[in-house]
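Chain identifiers are assigned alphabetically (A, B, ...) following the order of the sequence lines, protein sequences preceding nucleic acid strands; residue numbering begins at 1 within each chain.
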Amino acid sequence: MQRKLNQKAWFLVLPVFLLVAFSAVLPLMTVVNYSVQDTFGNNEFYWVGTEWFVEILNSERFHSALGRQLLFSGIILAIEIPLGILIALSMPKKGWGASICLVLMALPLLIPWNVVGTIWQIFAREDIGLLGHTLAAMGIDYNYTHSPTAAWITIIIMDVWHWTSLVVLLCYAGLCSIPDAFYQAAKIDGASRWAVFRYIQFPKMNRVLLIAVLLRFMDSFMIYTEPFVLTGGGPGNSTTFLSIDLVKMAIGQFDLGPAAAFSLVYFLIVLLLSWVFYTVMTARDGEAN
Amino acid sequence: MAVIHLKDMAHSYLPNPKVPEDYALKSLNHVWEDGGAYALLGPSGCGKTTLLNIISGLLTPSEGQVLFGGEDVTRLDTAHRNIAQVFQFPVIYDTMTVRQNLAFPLKNRGMAPADIEARVAEIAEMLDLTERLDNRASGLSADAKQIISLGRGLVRNDVNAILFDEPLTVIDPHKKWVLRSKLKELHQQFGFTMVYVTHDQTEALTFADKVVVMHDGEIVQIGTPEELFERPAHTFVGYFIGSPGMNILPATVDGRHATIGGNEIDLGCDYGPLAGGKIEVGIRPEFLKFGPVGKNGGEGTFDVQISSVEDLGRHKIAKAVSGDIEIAVLVPEHTPVQEGAAALTFDPARTLVYQDSRLVEGAN
Amino acid sequence: MLELRDISLTVDRTDYLSDISARFEPGNFNVLLGPTLAGKTSLLRIMAGLDAPTTGHVLFGGKDLTGVAVKKRSVAFVYQQFINYPTFSVFDNIASPLKVAKVSKADIKTRVGKIAELLAISPMLDRKPLELSGGQQQRVALARALVREADLVLLDEPLANLDYKLREELREELPRLFRETGSTVVYATTEPEEALLLGGHITLMHEGRVMQTGPTLEVYRNPVSLQSARTFSDPPLNIMLARRSGSDMHIAGLSQSYSDTLNLPDGNYDIGFRAHHLHVAKPSKGALSVKAVVTMTEITGSESFIHVEALGQRWTALTHGVHHHKAGAAIELFLDPRDFLLFPAAGTAPLTNQAKVA
């Protein structure tokens, strides 16, 4: 049943609105401001219109960073979502086992990004790292500072290790909300393990999966700290993702105008893709009702 | 289809049960005849759902055996027991259509698609679901969903028994009549063994040929609705069945007479000098009548004060008080009754005697 | 006294409630009867001030309370689900509204003690709600509603989740408990039987409208419309069609007619009668006889429900005693015209209350 809106509620959210306005909208406006001007220092600005946008959208550098970024997010989602579901499915539903699993799952989430980066940077080093040294000793050519493939694999493993837990916890919460009667009915109907997943667990997890996919997509699309700590975007430009490229442009080269235009384009891409995910996933949901 | 036999079966949720209180279900022997319509009736926590889950195989009893047609299935899992179950809250597969829902158990068992289609069409026809076969099951009302859950049981022709776990809980009162009639019709048509768990006496009595009344993990009586109503074997059955329940009055019994709070009544049977334990007389509100005041001393009359009269439309319920005893009396619609002094008449043929809560048989 | 004036509720162009005017007196046990989705809960929420009506006014003791926040009203609400504070003891649960009202410690103790005694939960005061049975949990929720002596107590199907026998006990207790408080009580239910057991004053609802109000038994015996009669019948109301000319009623499909002394216009009528007025034995000299085919019999031990088809309608007979009839058997049933509820057939002008005597 739907309720009538209480007008007073608006007053309660007003402070948050103001806070968001100051913290997000105003800085965003500055970026918009920079993106349409050029400067040579001394606080002198020249109107350039859409020039920076045209330059960014046509630059080879942006295209390759965007391509890398899309590939990276794709791989991350393709690994973390199924893996997260799988782990959630195999976790015990009650008893002390469940509590222990939950604590273990939550652990990686408690570690700061740069610490994760540092841990893996050292762990995977060929000379002193346990993993890197072992691999080298086994005759495998593994060195993330030389081989782009090794760098990619290291960053992906790092991200999977760090963030799959989030997917697991979300899916686990979804699974726990399914009443026992559904499993019992499925047993009686002779449903296979796969059928139980396909027709009971998956549909009931739909909502949380949407959240998981959105969070993981946005996060991985904006990844910065891990590649920065591990390789600083190298070897070559092989792990220069959008955010790293952006920082290089803004801080390294101090190209404020193009960097601002870059930021806005970046922001719009994230927004657009999130919207696509949301629409596709809720469309299926709506069909179910 | 097969006879279901529970042999010395007991269940406890504790790992090492010792005293009787540790058992959710105390040791019982029972045979569910093939094609019978049974109801398991009792208050919450009496063990009826535990018993149902043991039959369906969702739970393995801690002691004893479950036999289907002579074969021991105690440790066999649900899918292999050929049992169908309808739960308290409708269980349907949200993403499927009604047709896919009905076909699901057959598909899982690897039936040929053409056969599945024929069977689903047949069942849908019977359940009046034909027109909705291609609708999404998730958009239907609660009673339609319960019909679909039932349909998933009916489509299988290998089913031994259909179990119902309080299936009408979420159904509107007016729809309950329709759904219950449907169940009975289906039972008459198919002759499946049906076991129906409920705490609602009307549902149990109207549905079942035989009602199994449970109390504190024990079966206290198994009987037809008439037997349970007319000769409750235990005071609990007398209390639990009937609305209001049976009047249970502390008494002393000698031969053909009982004395209740100073009043003597006729019993219709000879009980001899009954002594030892708690002696009580039980009579249903339906079998008591008010007579005019002033006949005191005659056989079966009993002076009371009528303290309240509740008019329920099709009958009235009067509360009659004598000393610290309160007796409920059912008065027919058009019979006048007033608060104040009155005399009660007990129907001797319907007056029962209980010793330590168990029915005592008298001699003629 | 709680008074509703022309209340309606429309959300997203769907009408949930339409033109509801009703009065609920203190000291009365007011029952709100209607099937699910009749709008009972919406109306209770408006009475409580949890929602505001789209149009209309809520008056309490003559004062317009429409739009006054729930917090500022003296309202208690008991839900179908047993809602208690899980971490509080039973005592603290019951005491919580008093603590909010800053009642002194000693006063709280005596008042909680008294209520607990009344509801027979005194031995459980130190326990947590979840350690109790369903019936006891609901008693705690009721105690919390009672203890604050709110001016308005709203109960939304409070017994629906309880065992049958427990329901029976609490149904008997509730009107008695509230009679002593002087609060205005409104109790919503879907079950006609429950409404009769609770007695008091009734408001019948159907599809967001009030069908009829009045003392429960009077409304039961004299429903003003076919829909009222249907809403207030369980087993469902039996219906047959008839045509009136002068004082004679000709029932469709029946050769026998009957006459009465009611002053009614000629025309088509729907005759409704309840299941217990369809008899297997002739109840009176003037009774009509109807041939029927049994579709099913249900026996409860004390009573039998005989489902039949007669005069092209599906009827249910509720009779005392045990009557076995096989499906398909032809039987004779009897009807006493004095039990009939007459309603002008759809499309004709409604009768005034005086003219329609059942």
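- Among the residues in residues 143-152 of chain B, those with a non-hydrogen atom closer than 4.5 angstrom to a non-hydrogen atom of chain A are B:Arg152.
- Contact annotation for B:Leu106: neither backbone nor side-chain heavy atoms come within less than 4.5 Å of a heavy atom of chain A.
- Listed here is the closest heavy atom pair of A:Ala191 and B:Asn108: CA-ND2, 3.3 Å.
- In this structure the side chain of B:Thr95 never reaches within 4.5 angstrom of the side chain of A:Phe202, judged on heavy atoms.
- Below 4.5 Å, heavy atoms of chain B meet heavy atoms from A:Ala181, A:Phe182, A:Gln184, A:Ala185, A:Ala186, A:Lys187, all part of residues 174-187 of chain A.
- Residue A:Trp161 places its CH2 atom among more than 12 non-hydrogen atoms of other residues, nucleotides or ligands, all under 6.0 Å distant.
- The number of heavy atoms from other shown groups lying within 6.0 Å of CZ (A:Arg193) is above 12.
- The neighbour count for B:Tyr13 OH, taken as heavy atoms of other residues, nucleotides or ligands under 6.0 Å away, is above 12.
- Within a 6.0 Å sphere centred on CD of B:Glu122, heavy atoms belonging to other residues, nucleotides or ligands number more than 12.
- Of all heavy-atom pairs between A:Lys204 and B:Asp94, the closest is NZ-OD2, 3.1 Å.
- Within 6.0 Å of the CZ atom in B:Arg132, the count of heavy atoms belonging to other residues, nucleotides or ligands does not exceed 12.
- Interface remark: B:Arg81 contributes no atoms to any contact with chain A (heavy atom separation under 4.5 Å).
- Ranked by heavy-atom pairs shorter than 4.5 Å toward chain A, the options B:Arg109, B:Gln88, B:Gln85, B:Lys107 are led by B:Arg109.
- Summarising the local packing, NZ of B:Lys7 is surrounded by 12 or fewer heavy atoms from other residues, nucleotides or ligands at distances under 6.0 Å.
- Atom NE2 of B:His80 is surrounded by 12 or fewer heavy atoms from other residues, nucleotides or ligands within 6.0 Å.
- Around the CD atom of B:Glu131, the shell of radius 6.0 Å holds no more than 12 heavy atoms that belong to other residues, nucleotides or ligands.
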